Amino acid sequence: MSSEHTAESFAEREYEYGFVTDIEQESLPPGLNEDTVRFISAQKDEPEWLLEWRLKALHRFLEMAKEDVEPSWAMVDYPKIDYQAISYWAAPKKKLDSLDEVDPELLETYDKLGIPLEEQKHLAGVAVDAVFDSVSVATTFKAELEKHGIVFCSFSEAVQRCPDIVRKYLGSVVPAGDNFFACLNSAVFSDGSFAYIPPGVRCPMELSTYFRINAANTGQFERTLLVADEGAYVSYLEGCTAPMRDENQLHAAVVELVALDDAEIKYSTVQNWYPGDKDGKGGIYNFVTKRGACRGKRSKISWTQVETGSAITWKYPSCLLQGDDSVGEFYSVALTANRQQADTGTKMIHIGRNTSSTIISKGISAGHGQNTYRGLVRVQPKAAGARNYSQCDSLLLGDECGAHTFPYLEVKNPTATVEHEATTSKIGEDQLFYCRQRGISEEDAVSMIVNGFCKDVLRELPMEFAVEAQKLLGISLEGSVG
Amino acid sequence: MALLEISGLHATAGDTEILRGIDLTLQPGEVHAIMGPNGSGKSTLANVLSGRPGVEVTAGTVLFEGRDLVEMEPEERAREGVFLAFQYPVEIPGVSNLYFLKAALNARLKHQGKPELDAIDFLELAREKMKTVEMDEALMHRSINEGFSGGEKKRNEIFQMTMLEPRLAVLDETDSGLDIDALRIVSGGVNSLRSAERSMLVITHYQRLLEHIVPDVVHVLAGGRIVKSGGKELALELEERGYGWLTEDAA
C-alpha cells in the first residue's frame with residue numbers, strides 16, 4: 001500500500017467515525033429564542049426528546065434572564081453580558097493555509113512549550129496532511145477502544161449512536177435548570193465529548209480531547225458526559241497547555257460524570273484559554289459547571305485542574321457522594337496574573353455512609369490577579385462516618401494581587417470528621433536570592449518555587465501532562481517579578 | 001592576578017553604612033578567616049560579595065579575577081564561581097534538593113561552555129559527593145532544607161559547595177549551631193575542597209572552627225573596617241583576649 005493510500009484510508013476512517021463534519025453551515029444572526037434552539041438541534045439532526053429538553057432549558061433560562069438571577073456572588077467583576085447580542089451558531093472556521101498566517105506571539109509560546117511543528121499547525125488551525133496529523137494516531141487508538149467496547153466520540157455523534165445512554169444520563173447530574181450558565185448551555189450547547197466505559201473495563205489509555213479532531217472548534221458551549229459503568233475505570237484529559245484563542249468571549253461549558261458501583265473516573269484539566277492582554281482586554285470568560293455523581297457504592301471521582309488561562313474563571317468541579325463508601329477528590333492549581341480573576345473551588349456533598357473527600361487547592365496570584373477559593377463541604381444527615389480533609393494554600397507574588405478563601409462547612413451528621421487548613425504566603429526575597437546565588441535565574445527560580453508550591457496537585461496529573469503543566473506555570477508568570 | 005581584590009569598600013544596608021573602607025586581597029588557594037564581634041559587618045561583606053538585593057555598594061571596588069563583581073547579577077556571580085554558604089539556609093517547599101542542585105550545577109556548566117549532566121550522571125556524581133559530608137540520600141530527595149535540623153542544613157550547604165566546585169567560597173558562620181560531630185563533618189568537607197585554584201573566606205565568631213579549617217590569614221573586622229590582620233595565631237589571641245582591645249581603637 002502506498003503511503004498516499006494509507007493517508008487516504010485514515011482520512012476515510014476518520015470520517016466514518018464522524019469526527020469531522022464537512023457540512024457547510026451559515027452563521028445565525030445574534031439572538032436567543034426558540035428558533036435559535038430549533039436551528040441548532042436541526043443542524044445536528046437531533047431526536048425530538050433532545051429538542052424538547054433544550055427548549056425547556058431555554059424557557060427556564062429566559063425566565064432567569066428576566067428575573068436577572070445571573071450569579072453575582074462570585075469575587076469576579078465583568079461588564080453585563082447581553083445574551084441577545086451573541087450569535088449561538090457559527091460555521092466552523094476555515095483552516096489557514098500555513099503557519100505564516102498565525103500570530104507570531106502564539107507561535108513563540110508553542111516553541112517555549114516544546115510543541116512539535118505538526119502539532120502547532122493542528123492547534124493553530126492550519127490544514128495538516130492526514131499522515132502527519134494526529135488523525136492517524138487517533139484512528140489506531142479508536143480501534144483499540146472499540147475492542148474493549150468503549151464508546152468515545154463527540155457528543156453529537158453519541159446522540160445518534162447511543163441515544164439511550166445519553167437520554168438516561170444527560171442532565172442527571174447537572175439538571176438543565178441547575179444554574180444560570182448551565183441552563184444557557186443546556187439550551188444551546190454546541191458539542192463536546194462523550195465516553196461510556198462498559199462494566200468491568202479498565203480503559204487502556206488516557207482519553208484525551210486532543211485525539212478528537214475539531215475538539216478546538218466545539219465552540220463556546222461545550223457539553224461533556226462521561227459514564228463509567230460498574231467496576232469501570234477511566235482517566236480523561238481535557239484541554240491542552242497550548243494557548244487557545246477564540247473570538248467568543250463567553251464560554252459556558254457543562255461536564256457531567258457518572259460513576260456506578262466500584263467505578264472510578266479521573267478527570268484532569270489544563271485550561272489555558274486566552275487571558276486577555278496586560279490590561280485584561282479581550283480575555284475569555286470561562287463559566288463552567290462541572291459535577292460528578294459517585295452514584296454507586298465504593299465509586300470514586302477525582303478532579304484535577306490546572307487553571308492558568310481566561311480573563312475570568314468561575315468553576316467549581318464538584319462531587320455528589322451518593323454511594324456508600326464513595327470517594328471524591330479535588331486537586332486544583334489556579335493562577336491569576338495581570339488582570340485575571342478566578343473564583344474557583346469545589347463542592348463535596350456527602351450523602352452516602354462512610355463517604356470521604358479530599359480538597360487540595362493552590363492559588364497563585366501575581367500582578368493585579370485576584371484569586372478566590374470557594375468551597376463547600378456538606379455532610380447530609382444520613383452520611384454517617386463522612387470524612388473530609390481540605391487544604392487551601394495561597395501564594396502571592398507582588399503587592400497588588402489578592403488571595404481570598406471562602407470555605408463553607410455544613411455538617412448535619414455528628415459522626416462526621418471535617419478538617420480544614422489554610423495558608424497564605426509570599427514568595428520570599430530570601431528564597432529567590434538563595435536560588436540566584438546558586439546560579440539559577442530569577443525567572444527560573446520563580447517557576448521552581450511555584451511548581452514546588454503546586455507539587456501536591458501536579459503529581460495527580462498524568463505524567464506528560466504534569467510536565468507540560470509545569471512549563472506552563474513558568475511561562476504564565478513570565479515578567480511577573482523584578 | 002589576585003582572585004579577589006577589595007579596595008576601599010563602603011556599603012550600606014537600608015540607610016545605615018555598615019562597611020566603612022575594607023581592603024582585602026585573596027590570592028588563589030588562600031583561605032582567609034574574618035572574625036569580629038556582632039554587628040561588625042561580617043555578614044554584610046558576605047552579602048556584598050554574593051550580591052544580595054538591599055545591600056548597596058557606595059564606594060570602592062570589588063574585583064573578581066580582575067572583573068568588576070559589583071556590576072554582576074547574583075546568578076552571574078554564582079555561575080562564575082562565587083559561592084555563599086548561607087548562615088540561614090532557606091526552606092523551599094516542594095522543590096527537591098537534588099532537582100534544585102541539578103539546575104544549579106547545569107547552569108554553571110552551561111555558563112562554562114561544558115556539557116550539562118543528565119539525571120543519571122548527576123545522581124552518580126551527587127552520591128559520590130554525599131559521602132564526603134556524610135549526607136543521607138533520602139534527605140536529598142526531600143524538599144530543600146524542609147524539616148532539616150540546623151546541622152543538616154549546614155551540611156547541605158557544604159554538599160552543594162562540593163558539587164558546584166566554586167572558585168571563591170564564602171562561608172558565613174557555617175559553624176553556628178553545629179555540634180562537635182557536625183563541625184568535624186562540615187570542616188572535613190571544606191578541607192577536601194582546598195586547592196591551589198580555590199580561595200575561601202571563612203566568616204566566624206569563634207576560633208573553634210579555625211582549629212579544623214586552618215586559615216592562612218586572619219582578619220578582625222570591627223566597625224566596618226579591618227582593624228587587624230595576622231596569621232592563624234591571631235585567632236587564638238582573640239579567643240583569649242576577646243575583641244575589646246581591638247574595637248576600642250576602631251571606635
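Remember, predicted model here, so these are calculated numbers, not experimental data. Throughout, a chain's letter reflects where its sequence line sits, starting with A, and its residues are numbered from 1.
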Discussion item. Quick check on the interface: out of B/Ser50, B/Gly54, B/Ser143, who has the most heavy-atom pairs with chain A under 4.5 Å?
Written reply: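 Option with the top pair count is B/Ser50.
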Practice prompt. Could you tell me which of B/Ile92, B/Ile144, B/Leu105 has the largest number of non-hydrogen atom pairs under 4.5 Å with chain A?
Written response: B/Ile92
[X] versus [Y], closest heavy-atom pair with distance:
X	Y	result
B/Glu91	A/Gln431	O-NE2, 3.0 Å
A/Ser441	B/Glu75	CA-OE2, 3.8 Å
A/Gly439	B/Ala107	O-CB, 3.3 Å

Check each atom of [X] against the heavy atoms of chain A and say whether the ones under 4.5 Å are side chain, backbone, both or neither.
X	value
B/Leu164	side chain
B/Pro166	neither
B/Leu101	neither
B/Phe100	both
B/Arg52	both

Discussion item. Testing B/Met163, B/Arg79, B/Gln160 one by one against A/Arg438 for a side-chain contact (heavy atoms from CB on, under 4.5 Å), which residue passes?
Written reply: B/Gln160
Is the [atom1] atom of [X] crowded by more than 12 outside heavy atoms at less than 6.0 Å?
X	atom1	value
B/Glu56	CD	no
B/Glu137	CD	yes
B/Tyr99	OH	no
A/Tyr408	OH	yes
B/Gln112	CD	yes
B/Lys129	NZ	yes

Worksheet, complete the sentence: Most heavy-atom pairs under 4.5 Å with chain B, out of A/Asp456, A/Asp444, A/Ile440, A/Asp430, belong to A/Ile440
Worksheet item: Measuring from B/Leu84:CG to A/Tyr434:OH, what's the distance to the nearest 0.5 Å?
Response: 9.5 Å
Worksheet item: Do A/Cys435 and B/Val95 have side chains that get closer than 4.5 Å, going by heavy atoms?
Response: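 A side-chain contact under 4.5 Å is absent here.
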